[in-house]
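Small disclaimer: the values here were computed from a predicted structure and weren't measured. Whatever order the structure lists ligands and atoms in, that order sets their numbers, starting from 1. Just the heavy atoms: all of them, side chains too, but no hydrogens, waters or symmetry mates, feed the values below. The residues of the chain are indexed from 1 along the displayed sequence.
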Amino acid sequence: MSAAIFADTPDSLSGPTLDPENWENLHTLAQEMTADMLQHLANIGDQPAWLKAPDSVKSRITTEPCPEQAASAEAVYKEFKELILPYTTGNIHPRFWGWVMGTGTPYAMLADMLASAINTHMGGFAQTPALVEEQVLRWLINMLKLPENTSGLLVSGATMASIIGLTVARNAKADIDVRKLGVQALKSPMVLYCSTETHSSLQKAVELLGLGSDALRKIPVDSNYRMDIKLLEKAIADDKAAGLKPFCVIGTAGTVGTATTDPLQEIAAICKKEDLWFHLDGAYGVLAAITDKYAHLVAGYELADSVAFDLHKWMYMPYEIGCVLIKDRTLQQDAFAITPSYLSTIPGGVGAEPMHFYNKGIELTRSFRALKVWFSLKIHGAKQFATLIERNINQAQYLSMCVQQHAKLELLAPTELNIVCFRYIGENVKQKDLNQLNQDILIAVQERGIAVPSHTYLNDQFAIRVSITNQRSQKEDFDVFLDEILALGQELANE
Ligand SMILES: *Cc1c(COP(=O)(O)O)cnc(C)c1O
(Lines give C-alpha, C1' and ligand atoms only; values in the text may rest on other atoms or scores of the structure.)
Protein backbone atom coordinates (compact mmCIF):
# COMPACT_ATOMS: atom_id res chain seq x y z
CA MET A 1 0.00 0.00 0.00
CA SER A 2 1.50 3.33 -0.97
CA ALA A 3 1.54 6.40 1.23
CA ALA A 4 -0.09 8.37 -1.59
CA ILE A 5 -3.46 6.78 -0.94
CA PHE A 6 -3.66 8.68 2.33
CA ALA A 7 -2.14 11.90 1.06
CA ASP A 8 -5.51 13.70 0.91
CA THR A 9 -6.74 12.59 4.33
CA PRO A 10 -4.02 13.20 6.89
CA ASP A 11 -6.72 13.75 9.58
CA SER A 12 -7.59 10.11 9.48
CA LEU A 13 -4.05 9.23 10.53
CA SER A 14 -3.45 11.71 13.35
CA GLY A 15 -5.56 13.76 15.68
CA PRO A 16 -6.78 14.26 19.23
CA THR A 17 -6.29 11.35 21.67
CA LEU A 18 -7.70 10.54 25.07
CA ASP A 19 -5.04 12.73 26.63
CA PRO A 20 -6.08 16.32 27.37
CA GLU A 21 -5.62 18.96 24.75
CA ASN A 22 -4.77 21.35 27.51
CA TRP A 23 -2.69 19.69 30.22
CA GLU A 24 -2.72 22.87 32.29
CA ASN A 25 -6.49 22.66 32.79
CA LEU A 26 -6.25 19.06 33.83
CA HIS A 27 -3.51 19.98 36.25
CA THR A 28 -5.85 22.42 37.95
CA LEU A 29 -8.66 19.88 38.07
CA ALA A 30 -6.35 17.17 39.42
CA GLN A 31 -5.22 19.46 42.23
CA GLU A 32 -8.83 20.22 43.07
CA MET A 33 -9.73 16.52 43.11
CA THR A 34 -6.78 15.65 45.32
CA ALA A 35 -7.52 18.48 47.73
CA ASP A 36 -11.22 17.52 47.88
CA MET A 37 -10.52 13.85 48.51
CA LEU A 38 -7.94 14.50 51.22
CA GLN A 39 -10.36 16.87 52.92
CA HIS A 40 -13.13 14.31 52.56
CA LEU A 41 -10.99 11.74 54.34
CA ALA A 42 -9.72 14.16 56.96
CA ASN A 43 -13.28 15.14 57.96
CA ILE A 44 -15.04 11.84 57.39
CA GLY A 45 -15.83 11.42 61.10
CA ASP A 46 -17.99 14.57 61.02
CA GLN A 47 -20.12 13.16 58.23
CA PRO A 48 -23.02 10.74 58.71
CA ALA A 49 -21.80 7.15 58.83
CA TRP A 50 -24.16 6.39 55.94
CA LEU A 51 -26.49 8.37 53.74
CA LYS A 52 -29.28 6.74 51.78
CA ALA A 53 -29.29 7.78 48.11
CA PRO A 54 -32.55 9.61 47.24
CA ASP A 55 -34.63 8.12 44.43
CA SER A 56 -34.18 11.32 42.42
CA VAL A 57 -30.42 10.78 42.41
CA LYS A 58 -30.71 7.08 41.63
CA SER A 59 -33.02 7.67 38.68
CA ARG A 60 -30.65 10.20 37.15
CA ILE A 61 -28.08 7.42 36.99
CA THR A 62 -30.36 4.60 35.92
CA THR A 63 -32.01 6.53 33.09
CA GLU A 64 -29.03 8.26 31.51
CA PRO A 65 -28.21 7.01 28.01
CA CYS A 66 -24.61 6.47 26.92
CA PRO A 67 -23.09 9.88 26.22
CA GLU A 68 -22.26 10.33 22.54
CA GLN A 69 -20.78 13.78 22.87
CA ALA A 70 -17.91 15.03 24.98
CA ALA A 71 -18.48 16.96 28.19
CA SER A 72 -15.94 18.92 30.18
CA ALA A 73 -14.02 17.00 32.82
CA GLU A 74 -14.95 19.73 35.29
CA ALA A 75 -18.66 19.11 34.68
CA VAL A 76 -18.26 15.35 35.06
CA TYR A 77 -16.33 15.79 38.29
CA LYS A 78 -19.14 18.03 39.57
CA GLU A 79 -21.59 15.23 38.82
CA PHE A 80 -19.39 12.75 40.68
CA LYS A 81 -19.50 14.97 43.76
CA GLU A 82 -23.25 15.33 43.49
CA LEU A 83 -24.36 11.80 42.54
CA ILE A 84 -21.69 9.45 43.79
CA LEU A 85 -19.49 10.80 46.56
CA PRO A 86 -22.19 11.18 49.27
CA TYR A 87 -23.89 7.82 48.66
CA THR A 88 -21.30 5.09 49.12
CA THR A 89 -21.41 2.06 51.43
CA GLY A 90 -19.81 4.26 54.09
CA ASN A 91 -16.99 1.95 55.06
CA ILE A 92 -14.36 4.69 55.30
CA HIS A 93 -16.22 6.11 58.32
CA PRO A 94 -14.80 5.54 61.84
CA ARG A 95 -18.17 4.09 62.97
CA PHE A 96 -18.55 1.61 60.12
CA TRP A 97 -18.39 -1.94 61.44
CA GLY A 98 -20.66 -3.82 59.04
CA TRP A 99 -19.90 -7.15 57.32
CA VAL A 100 -16.09 -7.27 57.00
CA MET A 101 -14.98 -4.16 55.19
CA GLY A 102 -11.83 -2.13 55.27
CA THR A 103 -11.35 1.61 55.37
CA GLY A 104 -8.54 2.30 52.93
CA THR A 105 -5.89 4.94 53.65
CA PRO A 106 -5.01 8.24 51.98
CA TYR A 107 -1.47 7.03 51.26
CA ALA A 108 -2.67 3.87 49.55
CA MET A 109 -5.17 5.99 47.60
CA LEU A 110 -2.30 8.02 46.18
CA ALA A 111 -0.30 4.87 45.47
CA ASP A 112 -3.28 3.50 43.52
CA MET A 113 -3.25 6.67 41.45
CA LEU A 114 0.45 6.22 40.70
CA ALA A 115 -0.15 2.58 39.78
CA SER A 116 -2.91 3.65 37.38
CA ALA A 117 -0.72 6.33 35.89
CA ILE A 118 2.10 3.98 34.99
CA ASN A 119 -0.43 1.27 34.07
CA THR A 120 2.20 -1.43 33.99
CA HIS A 121 1.16 -4.98 33.03
CA MET A 122 1.60 -7.44 35.88
CA GLY A 123 1.29 -10.74 34.04
CA GLY A 124 5.01 -11.19 34.48
CA PHE A 125 7.77 -9.16 32.79
CA ALA A 126 10.80 -8.85 35.06
CA GLN A 127 10.85 -5.10 35.35
CA THR A 128 10.92 -3.48 38.77
CA PRO A 129 7.13 -3.52 39.34
CA ALA A 130 7.21 -7.33 39.18
CA LEU A 131 10.10 -7.32 41.64
CA VAL A 132 8.00 -5.09 43.90
CA GLU A 133 5.15 -7.62 43.91
CA GLU A 134 7.64 -10.39 44.75
CA GLN A 135 9.06 -8.15 47.49
CA VAL A 136 5.62 -7.39 48.93
CA LEU A 137 4.78 -11.10 48.92
CA ARG A 138 8.05 -11.80 50.72
CA TRP A 139 7.24 -9.13 53.32
CA LEU A 140 3.78 -10.59 53.89
CA ILE A 141 5.26 -14.08 54.20
CA ASN A 142 7.74 -12.74 56.77
CA MET A 143 5.03 -10.90 58.68
CA LEU A 144 3.06 -14.14 58.88
CA LYS A 145 6.19 -16.08 59.83
CA LEU A 146 5.70 -18.59 57.01
CA PRO A 147 8.58 -20.45 55.31
CA GLU A 148 10.76 -18.21 53.09
CA ASN A 149 10.12 -20.22 49.94
CA THR A 150 6.32 -20.01 50.22
CA SER A 151 4.75 -19.11 46.88
CA GLY A 152 2.21 -16.34 46.57
CA LEU A 153 0.06 -14.19 44.35
CA LEU A 154 -1.85 -10.98 44.86
CA VAL A 155 -5.44 -11.31 43.67
CA SER A 156 -8.71 -9.39 43.82
CA GLY A 157 -9.77 -10.80 47.17
CA ALA A 158 -10.11 -13.83 49.42
CA THR A 159 -12.70 -15.38 47.11
CA MET A 160 -10.24 -15.50 44.22
CA ALA A 161 -7.48 -16.57 46.62
CA SER A 162 -9.54 -19.58 47.72
CA ILE A 163 -10.43 -20.46 44.13
CA ILE A 164 -6.71 -20.63 43.41
CA GLY A 165 -5.83 -22.50 46.62
CA LEU A 166 -8.56 -25.09 46.09
CA THR A 167 -7.68 -25.53 42.42
CA VAL A 168 -4.12 -26.41 43.40
CA ALA A 169 -5.48 -28.74 46.08
CA ARG A 170 -7.88 -30.49 43.71
CA ASN A 171 -5.27 -30.97 41.00
CA ALA A 172 -2.62 -32.15 43.44
CA LYS A 173 -4.88 -34.73 45.05
CA ALA A 174 -6.87 -35.95 42.05
CA ASP A 175 -6.38 -39.58 40.98
CA ILE A 176 -6.05 -38.47 37.33
CA ASP A 177 -4.58 -35.53 35.40
CA VAL A 178 -7.52 -33.29 36.09
CA ARG A 179 -6.25 -30.39 33.95
CA LYS A 180 -6.32 -32.63 30.93
CA LEU A 181 -9.20 -34.98 31.59
CA GLY A 182 -11.51 -32.89 33.74
CA VAL A 183 -13.49 -33.88 36.82
CA GLN A 184 -15.77 -36.11 34.75
CA ALA A 185 -12.88 -38.57 34.46
CA LEU A 186 -12.21 -38.85 38.20
CA LYS A 187 -12.09 -42.47 39.32
CA SER A 188 -13.65 -41.67 42.67
CA PRO A 189 -15.66 -38.49 43.31
CA MET A 190 -13.66 -35.96 45.35
CA VAL A 191 -15.12 -34.52 48.56
CA LEU A 192 -13.91 -31.88 50.99
CA TYR A 193 -14.88 -30.45 54.36
CA CYS A 194 -15.57 -27.15 56.00
CA SER A 195 -17.80 -26.07 58.87
CA THR A 196 -21.35 -24.75 58.79
CA GLU A 197 -19.83 -21.33 59.66
CA THR A 198 -17.56 -21.25 56.59
CA HIS A 199 -17.91 -18.29 54.23
CA SER A 200 -20.08 -18.77 51.15
CA SER A 201 -17.14 -17.96 48.85
CA LEU A 202 -15.75 -21.43 49.53
CA GLN A 203 -18.92 -23.03 48.23
CA LYS A 204 -18.70 -20.87 45.12
CA ALA A 205 -15.12 -22.04 44.63
CA VAL A 206 -16.12 -25.70 44.94
CA GLU A 207 -18.97 -25.20 42.47
CA LEU A 208 -16.58 -23.53 40.01
CA LEU A 209 -14.16 -26.42 40.36
CA GLY A 210 -16.86 -28.68 38.97
CA LEU A 211 -17.17 -30.73 42.13
CA GLY A 212 -20.69 -29.62 43.01
CA SER A 213 -21.73 -28.03 46.27
CA ASP A 214 -22.75 -31.42 47.72
CA ALA A 215 -19.07 -32.39 47.64
CA LEU A 216 -18.44 -29.70 50.24
CA ARG A 217 -19.41 -31.34 53.53
CA LYS A 218 -20.47 -28.76 56.08
CA ILE A 219 -19.43 -30.12 59.46
CA PRO A 220 -21.47 -28.87 62.44
CA VAL A 221 -19.85 -26.57 64.99
CA ASP A 222 -19.67 -26.75 68.77
CA SER A 223 -21.28 -24.22 71.10
CA ASN A 224 -18.38 -21.81 70.40
CA TYR A 225 -18.93 -22.00 66.61
CA ARG A 226 -15.80 -24.10 66.05
CA MET A 227 -15.74 -27.06 63.70
CA ASP A 228 -16.54 -30.25 65.63
CA ILE A 229 -13.44 -32.38 65.08
CA LYS A 230 -15.09 -35.66 66.09
CA LEU A 231 -17.76 -35.11 63.44
CA LEU A 232 -15.09 -34.20 60.89
CA GLU A 233 -13.29 -37.49 61.53
CA LYS A 234 -16.54 -39.41 61.27
CA ALA A 235 -17.48 -37.70 57.99
CA ILE A 236 -14.09 -38.55 56.48
CA ALA A 237 -14.39 -42.18 57.56
CA ASP A 238 -17.95 -42.44 56.22
CA ASP A 239 -16.98 -40.94 52.86
CA LYS A 240 -14.02 -43.27 52.51
CA ALA A 241 -16.21 -46.24 53.34
CA ALA A 242 -18.62 -45.10 50.63
CA GLY A 243 -15.84 -45.12 48.04
CA LEU A 244 -15.43 -41.36 47.79
CA LYS A 245 -12.11 -39.54 47.84
CA PRO A 246 -11.71 -36.98 50.63
CA PHE A 247 -9.02 -34.52 49.50
CA CYS A 248 -9.14 -31.34 51.54
CA VAL A 249 -10.25 -29.71 54.79
CA ILE A 250 -10.99 -25.99 54.86
CA GLY A 251 -10.34 -24.35 58.20
CA THR A 252 -11.24 -20.77 59.00
CA ALA A 253 -9.28 -18.24 61.04
CA GLY A 254 -11.94 -15.67 61.91
CA THR A 255 -15.36 -16.82 60.76
CA VAL A 256 -17.60 -14.26 59.16
CA GLY A 257 -20.35 -14.66 61.77
CA THR A 258 -18.54 -14.53 65.08
CA ALA A 259 -14.78 -14.27 64.35
CA THR A 260 -14.18 -17.77 65.64
CA THR A 261 -11.15 -19.81 64.65
CA ASP A 262 -11.50 -23.53 63.97
CA PRO A 263 -9.19 -25.93 65.87
CA LEU A 264 -6.49 -25.49 63.23
CA GLN A 265 -3.84 -27.67 64.85
CA GLU A 266 -6.25 -30.58 65.09
CA ILE A 267 -7.37 -30.06 61.51
CA ALA A 268 -3.74 -30.05 60.40
CA ALA A 269 -3.08 -33.30 62.26
CA ILE A 270 -6.07 -34.97 60.60
CA CYS A 271 -4.95 -33.72 57.19
CA LYS A 272 -1.51 -35.14 57.78
CA LYS A 273 -2.85 -38.49 58.92
CA GLU A 274 -5.33 -38.79 56.05
CA ASP A 275 -3.12 -37.20 53.37
CA LEU A 276 -5.53 -34.31 52.79
CA TRP A 277 -4.82 -30.74 51.70
CA PHE A 278 -5.33 -28.14 54.43
CA HIS A 279 -6.71 -24.88 53.04
CA LEU A 280 -7.15 -21.94 55.37
CA ASP A 281 -9.68 -19.18 54.86
CA GLY A 282 -7.92 -16.48 56.82
CA ALA A 283 -9.70 -13.65 54.98
CA TYR A 284 -9.19 -11.17 57.77
CA GLY A 285 -8.50 -13.33 60.84
CA VAL A 286 -5.11 -14.71 59.92
CA LEU A 287 -3.67 -11.20 60.22
CA ALA A 288 -4.09 -11.42 63.99
CA ALA A 289 -0.92 -13.51 63.67
CA ILE A 290 1.17 -10.37 63.14
CA THR A 291 0.30 -9.08 66.64
CA ASP A 292 2.16 -10.18 69.75
CA LYS A 293 -0.87 -10.07 72.00
CA TYR A 294 -3.39 -12.03 69.94
CA ALA A 295 -1.36 -14.30 67.62
CA HIS A 296 -2.28 -17.29 69.78
CA LEU A 297 -5.93 -16.90 68.78
CA VAL A 298 -5.15 -18.10 65.25
CA ALA A 299 -2.33 -20.54 66.09
CA GLY A 300 -2.11 -23.40 63.61
CA TYR A 301 -2.65 -21.25 60.51
CA GLU A 302 1.03 -21.81 59.70
CA LEU A 303 0.34 -25.51 59.20
CA ALA A 304 -1.96 -24.92 56.21
CA ASP A 305 -0.90 -25.92 52.69
CA SER A 306 -2.62 -22.84 51.29
CA VAL A 307 -3.79 -19.62 52.94
CA ALA A 308 -6.29 -17.15 51.49
CA PHE A 309 -6.52 -13.69 53.00
CA ASP A 310 -7.35 -10.10 52.20
CA LEU A 311 -5.37 -6.92 52.43
CA HIS A 312 -8.49 -4.85 51.80
CA LYS A 313 -9.97 -5.85 55.15
CA TRP A 314 -7.59 -5.99 58.08
CA MET A 315 -4.62 -4.39 56.32
CA TYR A 316 -6.94 -1.47 55.53
CA MET A 317 -5.89 -1.24 51.85
CA PRO A 318 -8.36 0.23 49.35
CA TYR A 319 -10.16 -2.33 47.16
CA GLU A 320 -9.32 -4.70 45.68
CA ILE A 321 -6.47 -6.72 47.05
CA GLY A 322 -6.26 -10.20 48.47
CA CYS A 323 -3.49 -12.77 48.58
CA VAL A 324 -3.03 -16.50 48.28
CA LEU A 325 0.02 -18.18 49.77
CA ILE A 326 0.90 -21.75 48.85
CA LYS A 327 3.63 -23.79 50.51
CA ASP A 328 4.45 -25.90 47.46
CA ARG A 329 5.63 -23.71 44.59
CA THR A 330 5.70 -26.53 42.09
CA LEU A 331 2.10 -27.54 42.68
CA GLN A 332 0.94 -23.97 42.09
CA GLN A 333 2.79 -23.87 38.77
CA ASP A 334 1.48 -27.33 37.88
CA ALA A 335 -2.07 -26.10 38.32
CA PHE A 336 -1.81 -22.97 36.17
CA ALA A 337 1.31 -22.73 34.00
CA ILE A 338 0.65 -22.65 30.27
CA THR A 339 2.82 -21.02 27.63
CA PRO A 340 1.37 -20.34 24.20
CA SER A 341 3.81 -19.11 21.57
CA TYR A 342 2.77 -15.47 21.92
CA LEU A 343 3.73 -15.57 25.61
CA SER A 344 6.96 -17.51 25.17
CA THR A 345 10.24 -15.88 26.11
CA ILE A 346 12.97 -14.54 23.83
CA PRO A 347 16.54 -13.79 24.93
CA GLY A 348 16.14 -10.03 25.38
CA GLY A 349 13.76 -7.11 25.44
CA VAL A 350 10.44 -6.77 27.27
CA GLY A 351 9.56 -10.44 26.85
CA ALA A 352 12.75 -11.93 28.25
CA GLU A 353 11.14 -13.45 31.34
CA PRO A 354 8.41 -16.07 31.68
CA MET A 355 4.93 -14.87 32.63
CA HIS A 356 5.49 -15.88 36.21
CA PHE A 357 2.41 -14.25 37.78
CA TYR A 358 0.16 -15.44 34.98
CA ASN A 359 1.52 -18.93 35.54
CA LYS A 360 0.59 -18.86 39.24
CA GLY A 361 -3.08 -18.04 38.87
CA ILE A 362 -6.00 -17.40 36.57
CA GLU A 363 -5.56 -13.85 35.35
CA LEU A 364 -3.15 -12.74 32.64
CA THR A 365 -3.57 -8.99 32.72
CA ARG A 366 -3.18 -7.87 36.31
CA SER A 367 -2.97 -4.46 37.91
CA PHE A 368 -0.11 -3.19 40.04
CA ARG A 369 -1.93 -3.81 43.34
CA ALA A 370 1.37 -4.42 45.06
CA LEU A 371 2.31 -0.75 44.89
CA LYS A 372 -0.14 0.41 47.57
CA VAL A 373 1.14 -2.25 49.95
CA TRP A 374 4.74 -1.34 49.16
CA PHE A 375 4.08 2.33 49.92
CA SER A 376 2.05 1.54 53.02
CA LEU A 377 4.51 -0.86 54.61
CA LYS A 378 7.33 1.60 53.97
CA ILE A 379 5.44 4.66 55.19
CA HIS A 380 3.86 3.13 58.30
CA GLY A 381 6.06 0.12 59.00
CA ALA A 382 4.68 -3.37 59.63
CA LYS A 383 4.58 -2.65 63.36
CA GLN A 384 1.90 -0.01 62.93
CA PHE A 385 -0.36 -2.55 61.25
CA ALA A 386 0.16 -4.92 64.17
CA THR A 387 -0.72 -2.07 66.56
CA LEU A 388 -3.91 -1.23 64.67
CA ILE A 389 -5.08 -4.85 64.45
CA GLU A 390 -4.37 -5.28 68.15
CA ARG A 391 -6.31 -2.08 68.86
CA ASN A 392 -9.32 -3.32 66.89
CA ILE A 393 -9.37 -6.49 68.99
CA ASN A 394 -8.99 -4.43 72.18
CA GLN A 395 -11.95 -2.34 71.01
CA ALA A 396 -14.04 -5.48 70.49
CA GLN A 397 -13.15 -6.62 74.01
CA TYR A 398 -14.13 -3.21 75.37
CA LEU A 399 -17.46 -3.16 73.53
CA SER A 400 -18.16 -6.72 74.61
CA MET A 401 -17.46 -5.82 78.24
CA CYS A 402 -19.79 -2.79 78.06
CA VAL A 403 -22.54 -4.97 76.59
CA GLN A 404 -22.12 -7.57 79.33
CA GLN A 405 -22.22 -4.93 82.04
CA HIS A 406 -25.43 -3.35 80.79
CA ALA A 407 -28.67 -4.93 81.95
CA LYS A 408 -30.56 -3.88 78.82
CA LEU A 409 -28.07 -5.51 76.44
CA GLU A 410 -27.24 -9.14 75.87
CA LEU A 411 -24.10 -10.63 74.36
CA LEU A 412 -25.07 -13.37 71.89
CA ALA A 413 -21.69 -15.00 71.20
CA PRO A 414 -18.30 -15.06 72.88
CA THR A 415 -16.05 -12.21 71.70
CA GLU A 416 -12.83 -13.84 70.71
CA LEU A 417 -11.29 -11.68 68.03
CA ASN A 418 -12.86 -8.53 66.56
CA ILE A 419 -16.58 -9.28 66.22
CA VAL A 420 -19.19 -8.50 68.86
CA CYS A 421 -22.69 -9.95 68.42
CA PHE A 422 -25.32 -8.62 70.79
CA ARG A 423 -28.89 -7.42 71.05
CA TYR A 424 -31.02 -4.98 72.97
CA ILE A 425 -33.31 -6.74 75.44
CA GLY A 426 -34.61 -3.75 77.41
CA GLU A 427 -36.61 -4.35 80.55
CA ASN A 428 -40.01 -5.73 79.65
CA VAL A 429 -39.65 -6.58 75.98
CA LYS A 430 -41.21 -9.95 75.16
CA GLN A 431 -38.81 -12.62 73.91
CA LYS A 432 -40.85 -13.06 70.72
CA ASP A 433 -40.53 -9.34 69.87
CA LEU A 434 -36.77 -9.14 70.21
CA ASN A 435 -35.88 -10.08 66.63
CA GLN A 436 -38.17 -7.43 65.16
CA LEU A 437 -37.05 -4.83 67.68
CA ASN A 438 -33.36 -5.40 67.05
CA GLN A 439 -33.85 -5.31 63.31
CA ASP A 440 -35.65 -1.97 63.75
CA ILE A 441 -32.78 -0.70 65.91
CA LEU A 442 -30.21 -1.78 63.34
CA ILE A 443 -32.03 -0.09 60.47
CA ALA A 444 -32.48 3.09 62.49
CA VAL A 445 -28.87 3.27 63.62
CA GLN A 446 -27.78 2.95 59.98
CA GLU A 447 -30.40 5.19 58.38
CA ARG A 448 -29.87 7.95 60.94
CA GLY A 449 -26.21 7.87 59.97
CA ILE A 450 -25.00 7.08 63.49
CA ALA A 451 -23.03 3.93 62.80
CA VAL A 452 -23.07 0.90 60.53
CA PRO A 453 -23.00 -2.49 62.22
CA SER A 454 -24.55 -5.35 60.23
CA HIS A 455 -26.53 -8.35 61.43
CA THR A 456 -26.57 -12.10 61.60
CA TYR A 457 -28.80 -14.75 63.15
CA LEU A 458 -27.34 -16.80 65.98
CA ASN A 459 -29.60 -19.67 67.08
CA ASP A 460 -32.45 -17.87 65.29
CA GLN A 461 -31.81 -14.74 67.31
CA PHE A 462 -31.29 -11.52 65.40
CA ALA A 463 -27.88 -10.19 66.39
CA ILE A 464 -26.47 -6.72 65.89
CA ARG A 465 -23.02 -7.59 64.62
CA VAL A 466 -20.08 -5.21 65.11
CA SER A 467 -17.07 -6.30 63.07
CA ILE A 468 -14.07 -4.08 63.64
CA THR A 469 -11.53 -3.88 60.82
CA ASN A 470 -11.37 -0.10 60.90
CA GLN A 471 -8.16 1.87 61.30
CA ARG A 472 -10.11 5.07 62.12
CA SER A 473 -12.24 3.88 65.06
CA GLN A 474 -11.51 5.40 68.47
CA LYS A 475 -12.87 4.57 71.92
CA GLU A 476 -15.41 7.44 71.76
CA ASP A 477 -16.91 5.94 68.61
CA PHE A 478 -17.98 2.88 70.59
CA ASP A 479 -19.26 4.98 73.49
CA VAL A 480 -21.39 7.09 71.15
CA PHE A 481 -22.64 3.95 69.44
CA LEU A 482 -23.74 2.23 72.64
CA ASP A 483 -25.48 5.35 73.96
CA GLU A 484 -27.40 5.60 70.71
CA ILE A 485 -28.34 1.91 70.71
CA LEU A 486 -29.73 2.26 74.23
CA ALA A 487 -31.66 5.40 73.29
CA LEU A 488 -33.02 3.78 70.11
CA GLY A 489 -33.96 0.64 71.99
CA GLN A 490 -35.95 2.67 74.46
CA GLU A 491 -37.57 4.74 71.70
CA LEU A 492 -38.49 1.81 69.46
CA ALA A 493 -39.62 -0.51 72.25
CA ASN A 494 -41.78 2.30 73.68
CA GLU A 495 -40.34 1.67 77.08
C1 LIG B 1 -14.73 -11.37 53.21
C2 LIG B 1 -14.52 -12.81 53.46
C3 LIG B 1 -14.32 -13.70 52.40
C4 LIG B 1 -14.40 -13.27 50.96
O5 LIG B 1 -13.40 -12.34 50.67
P6 LIG B 1 -13.54 -11.30 49.45
O7 LIG B 1 -12.36 -10.44 49.61
O8 LIG B 1 -14.83 -10.57 49.67
O9 LIG B 1 -13.54 -12.08 48.20
C10 LIG B 1 -14.08 -15.02 52.70
N11 LIG B 1 -14.04 -15.45 53.99
C12 LIG B 1 -14.24 -14.62 55.03
C13 LIG B 1 -14.17 -15.16 56.42
C14 LIG B 1 -14.49 -13.27 54.80
O15 LIG B 1 -14.67 -12.44 55.84
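- Side-chain contact between Pro189 and Lys245: absent, with no pair of heavy atoms (C-beta onward) separated by less than 4.5 Å.
- Of the listed residues (Thr252, Val256, Thr255, Ile219), just one forms a side-chain contact (heavy atoms from CB on, under 4.5 Å) with Thr198, and that residue is Thr252.
- Ion pair Glu133/Arg366 flagged as a salt bridge, since at least one NZ, NE, NH1 or NH2 atom sits closer than 4.0 Å to an Asp/Glu carboxylate oxygen.
- Contact annotation: the side chain of Leu303 approaches that of Gln265 to within less than 4.5 Å [non-hydrogen atoms, C-beta and beyond].
- Both the sub-6.0 Å distance and the 45° axial angle are satisfied by Lys378 relative to the ring of Trp374.
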Would you mind listing each N/O atom of ligand 1 next to any protein N/O under 3.5 Å, plus the distance?
unit_1   : atom_1 : unit_2 : atom_2 : d
ligand 1 : 5 (O)  : Asp310 : OD2    : 3.3
ligand 1 : 5 (O)  : Lys313 : NZ     : 3.4
ligand 1 : 7 (O)  : Ala158 : N      : 3.1
ligand 1 : 7 (O)  : Asp310 : OD1    : 3.0
ligand 1 : 7 (O)  : Asp310 : OD2    : 2.7
ligand 1 : 7 (O)  : His312 : NE2    : 2.9
ligand 1 : 9 (O)  : Ala158 : N      : 3.4
ligand 1 : 9 (O)  : Thr159 : N      : 2.9
ligand 1 : 9 (O)  : Thr159 : OG1    : 2.6
ligand 1 : 11 (N) : Asp281 : OD1    : 3.3
ligand 1 : 11 (N) : Asp281 : OD2    : 2.6
ligand 1 : 15 (O) : Lys313 : NZ     : 3.0

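- Within 6.0 Å of OH on Tyr107 lie no more than 12 heavy atoms contributed by other residues, nucleotides or ligands.
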